[in-house]
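Bear in mind the structure is a predicted one, so any value in this text is a computation, not a measurement.
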Number of protein chains: 2
Amino acid sequence: MTTAPPSVDVREHILSTAHLIMSGKGFSGVGLNEILRAAHVPKGSFYHYFASKEAFGEALLTRYFEHYLKQMDETFDHAGNGRDQLVAYFEMWAENQSASHPESNCLVVKLAAEVSDLSDTMRRALKAGTDAIVARLTGAVTAGQRDGSIGLKEPAAAVALSLYQSWLGASLIAKIAHNDTPLAAALAETRHRLAIT
Amino acid sequence: MTTAPPSVDVREHILSTAHLIMSGKGFSGVGLNEILRAAHVPKGSFYHYFASKEAFGEALLTRYFEHYLKQMDETFDHAGNGRDQLVAYFEMWAENQSASHPESNCLVVKLAAEVSDLSDTMRRALKAGTDAIVARLTGAVTAGQRDGSIGLKEPAAAVALSLYQSWLGASLIAKIAHNDTPLAAALAETRHRLAIT
DNA sequence: CCGCCCTCTAGACGACTGGTCTAATCGTCC
DNA sequence: GGACGATTAGACCAGTCGTCTAGAGGGCGG
């Protein structure tokens, strides 16, 4: 699909092509051949940049979380109080996870279950990434509790983890239903949970 | 000579063997060869019982939900009020999803993300099954609201779906963390949510 | 300008597995 | 024995991941 010959950063090009394909077919469901054909990169190059498919998967996840966390930080920076930060973030999630943009779907939702039992290194990449996400959410909850925009008394970390898990579950159900209403419902519920009573 | 219908037995045997293996390796991650070897069933027999790997996957899910819903009904029958029914069910979930019993892990958690984009028939099996689960949960929430064991005012269906999604998410995180504490936390939070204020 | 070295590309190849299908065998009953 | 459906054996080829040799390209010292 992607045609540009990026002799500059082939590694990055392979990774971004793979992200596209794997967010549809999963990890075991795609072969290196298909990815490399789509990226117009010969097989010989692949094993120059990556030691194995597993190492490649780990790199894919690491790269994904890097981008993701950066975007998350930007979203938080552009929002006001703690509650607004969280709402803006989950609005973004709902949009990205929509069935109409399969390429921006969350890789945690897509790959976690498949890959956690398959490869310990990939599992650890997933763990590090999700921990970082929850840490940032915890920061926003704490900020919201301090600035008065969030009234919940429970520990910030517990609230953050619970929100994150709910959205993972809602995304899974949205995938099964092939329908975005679970995401809209999750957004409404999140707003409700964070509202000052 | 009541010749027991062996075709049913073999079919069932293949399915139960596959359940075991796939709950570890996923759908695309296992080949028919491995499943059939493990089940001591010759490869040639497979296409006598199933039309394709996809149809096989659909049968696997259907069978899984049949067992699952039956067990769910039994759990509900042995519990008292609506809240107790839900608590008993989620206690069972936490136990089955434990990392130490990978064979009883939830197939929805394991396969939903991988399979929903891969096969529409499998996606629909997943949808029918999860809808049935949420319907039963909704029944228990309604019962609890009626018998006074649940104080929540929100619509029963919304509560049920939200609980189910939270548990899917918690199970995913537990898989990533390779650790059961997220499930214990989910159980505590569920209890808290359902407690009379 | 040349030759050298090292990075990167190229893709054939091997050993194996994937799902699928046809042709033959088996078991049972008439 | 003959017929016939249920069951199996194994061929089939496209695909898998990974290896390997051969060479193109660019930078640099001289």
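The separation between A:Lys25 atom NZ and D:dG15 atom P is 11 Å, rounded to whole Å. In this structure, A:Leu36 places its CG atom 14 Å from P of C:dA12, rounding to the nearest Å. As a whole-Å value, the separation of A:Leu118 CG from D:dC17 C1' is 13 Å. Atom CD1 in A:Ile14 sits roughly 12 Å away from atom P in C:dC8 (whole-Å rounding). For the pair B:His40 NE2 and D:dA9 C1', the interatomic distance rounds to 17 Å; values are reported in whole Å. If you measure from atom CZ of B:Arg37 to atom P of D:dT8, you get 17 Å, rounded to the nearest angstrom. The distance between atom CZ of A:Phe46 and atom P of C:dC8, rounded to the nearest whole Å, is 15 Å. Taking atom CZ of residue B:Phe50 and atom C1' of nucleotide D:dT7, one finds them 14 Å apart after rounding to whole Å.
Of the candidates C:dT9, D:dT8, D:dG18, C:dT9 carries the atom nearest the A:Pro42 side chain, counting heavy atoms from C-beta on.
Considering only side-chain N and O atoms, B:His48 lies nowhere under 4.0 angstrom from the phosphate OP1 or OP2 of D:dA6. Listed pair B:Ser45 / D:dT8 meets the phosphate criterion, a side-chain N or O lying under 4.0 Å from OP1 or OP2. Within the 4.0 Å cut-off from OP1 or OP2 of C:dT7, not a single side-chain nitrogen or oxygen of A:Tyr49 is found. Residue B:Tyr47 has no polar side-chain atom (N or O) positioned under 4.0 Å from OP1 or OP2 of C:dC21. Residue A:Asn33 places at least one side-chain N or O closer than 4.0 Å to OP1 or OP2 of D:dT16. Contact annotation: A:Lys43 does not reach the phosphate of C:dG11 (side-chain N/O to OP1 or OP2, under 4.0 Å).
Rounding to the nearest 0.5 Å places OG1 of A:Thr130 at 4.5 Å from CD1 of B:Ile173.
As judged by a 4.0 angstrom heavy-atom cut-off over every strand, B:Val30 is placed among residues touching the sugar-phosphate backbone only. Nucleic acid contact class of A:Gly44 (heavy atoms, under 4.0 Å, all strands): base.
Donor-acceptor pairing under 3.5 Å is recorded for the side chains of A:Thr121 and A:Glu54. Inspection of the B:Glu114 and B:Ser28 side chains reveals an N or O donor paired with an N or O acceptor under 3.5 Å.
A salt bridge does not link A:Arg124 with A:Glu58: none of the charged nitrogens is closer than 4.0 Å to a carboxylate oxygen.
Both the sub-6.0 Å distance and the 45° axial angle are satisfied by A:Lys53 relative to the ring of A:Phe27.
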